[in-house]
Novice: 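Here you go, one structure.
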Amino acid sequence: MKLFVLGGTGMIGSRIVAEALSRGHELTIGSRSPEVAVLDGVQSVKLDVSDTAALAAQAEAADVTITAVSPRSTGDAIAESNAYAEALIAGLGGNRVVIVGGAGSLNLPDGSPVADVVPEAYRAEAQGMRQAFEKIAASDLDFTVVAPAGLIEPGERTGKFRLGGRELMTDEAGNSRISAEDYAVALMDEVETPTHNREIFHAAY
């Protein structure tokens, strides 16, 4: 498949790129700093998500667009998250997109938002990404949002994890976690075999 990965140089995005390459896909990476994404056989282009015309052009040339952008560049995570959602809706049109979401978009077993109980340092980002998801879900976008577990960090690629819907999964000790490598496996499985069209789901151990 021809994939366009927006934000493919970050902690999660870079692992998605590595997983996609290991599966033999053809990749173009869009980034504010494309020189960071110098990889054999990968095309890199300079692109900001706010440039909806450029985003549309790349999406049209790809089978699937993957976005892995975090709202951390302006200091106003809520406004940035909402602008991000609006840019995706405006730029992607009818093209399929698989979006790296946030655990804050998930719900606790009682139905309350995870975004409301995350540590204060991350709350604005969690709430912003939740608002972005709601905006995307209300649009006509051909999307899937793949949220991580409550904790995602670099680790091992085991290929062993659980998939769940919007209710946050925890293990026997009450922890919700996934390695970035296994998260990338779950996301790429969805890219290759769509099973959550216009839905949010997540992966956790």
Side-chain angles (χ1 to χ4, degrees), residues 1-32 34 36-37 39-71 81 84-102 105 129 132-148 152 157 159 161 163-166 178 180-203:
M1 299 173 75
K2 295 180 67 174
L3 306 177
F4 175 58
V5 184
L6 184 62
T9 59
M11 189 272 286
I12 296 176
S14 61
R15 275 133 180 111
I16 293 170
V17 167
E19 180 67 24
L21 287 174
S22 75
R23 299 183 185 210
H25 296 294
E26 180 181 339
L27 268 66
T28 297
I29 296 176
S31 172
R32 293 190 187 99
V36 177
L39 297 168
D40 289 341
V42 176
Q43 181 181 356
S44 297
V45 297
K46 186 171 184 177
L47 192 149
D48 189 284
V49 67
S50 63
D51 187 346
T52 55
L55 179 59
Q58 292 294 336
E60 287 286 350
D63 295 309
V64 181
T65 294
I66 300 169
T67 69
V69 177
S70 298
S81 295
Y84 169 54
E86 290 164 4
L88 294 185
I89 293 166
L92 294 177
N95 297 294
R96 181 170 173 240
V97 58
V98 177
I99 302 167
V100 174
S105 297
M129 291 190 74
F133 166 69
E134 299 294 354
K135 190 164 291 195
I136 288 167
S139 76
D140 293 329
L141 202 61
D142 181 8
F143 77 91
T144 299
V145 172
V146 188
I152 181 169
R157 183 191 187 283
F161 47 80
L163 298 181
R166 201 173 184 185
I178 189 91
E181 287 76 6
D182 277 339
Y183 171 87
V185 174
L187 183 140
M188 283 305 306
D189 286 349
E190 178 67 24
V191 168
E192 293 178 342
T193 307
T195 55
H196 297 86
N197 186 50
R198 291 188 52 80
E199 293 180 355
I200 184 171
F201 75 102
H202 74 296

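Nothing here was measured: the structure is a model prediction, and the numbers come from that model.
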Novice: Do Y183 side-chain atoms and H202 backbone N/O form a donor-acceptor pair below 3.5 Å?
Specialist: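 No.
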Novice: Counting C-beta onward and ignoring hydrogens, is there a side-chain heavy-atom pair between V97 and I66 closer than 4.5 Å?
Specialist: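 Not touching, per the 4.5 Å side-chain cut-off.
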Novice: Does the side chain of T195 pick up a donor-acceptor pair with the side chain of E190 at under 3.5 Å?
Specialist: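 Yes, side-chain donor-acceptor contact under 3.5 Å.
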Novice: Any side-chain to backbone donor/acceptor pair from D63 onto K2? Under 3.5 Å, distance only.
Specialist: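 Yes; judged by distance alone, with no hydrogens or angles, the pair exists.
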Novice: Does any non-hydrogen side-chain atom of Q43 lie less than 4.5 Å from one of I29?
Specialist: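 No. Closest side-chain heavy atoms not under 4.5 Å.
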Novice: Output yes when a side-chain donor or acceptor of T52 lies under 3.5 Å from a complementary backbone atom of A90, and no otherwise.
Specialist: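 No, the answer is negative, given that no donor and acceptor are paired below the 3.5 Å cut-off.
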Novice: Salt-bridge test for E60 and R96: reply yes if a basic N is under 4.0 Å from a carboxylate O, no otherwise.
Specialist: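 Answer for the salt bridge query: no.
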Novice: If we only count heavy atoms from C-beta on, is the R157 to E19 side-chain gap below 4.5 Å?
Specialist: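 Counting from C-beta outward, R157 and E19 do come under 4.5 Å.
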Novice: Yes or no on salt bridge (charged side-chain N to carboxylate O under 4.0 Å, His left out) for D51 and K46, after CA distance, side-chain angles and deciding distance?
Specialist: CA-CA 10 Å; D51 187 346; K46 186 171 184 177; over 6 Å; no
Novice: Is it true that the side chains of T67 and Y84 contain a donor and an acceptor less than 3.5 Å apart?
Specialist: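 On atom types as modelled, these side chains qualify, holding a pair under 3.5 Å.
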Novice: Determine whether V185 and F161 make a side-chain contact, defined as any pair of heavy atoms from C-beta on separated by less than 4.5 Å.
Specialist: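 Counting from C-beta outward, V185 and F161 do come under 4.5 Å.
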Novice: Are any non-hydrogen side-chain atoms of L47 and L6 less than 4.5 angstrom apart?
Specialist: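 In contact.
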Novice: For D140, I'd like to know if atom CG has over 12 heavy atoms of other residues, nucleotides or ligands within 6.0 Å.
Specialist: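 12 or below, so no.
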Novice: Backbone N or O of T144 within a donor-acceptor pair of the H196 side chain at under 3.5 Å?
Specialist: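 Here the side-chain-to-backbone pair does not exist.
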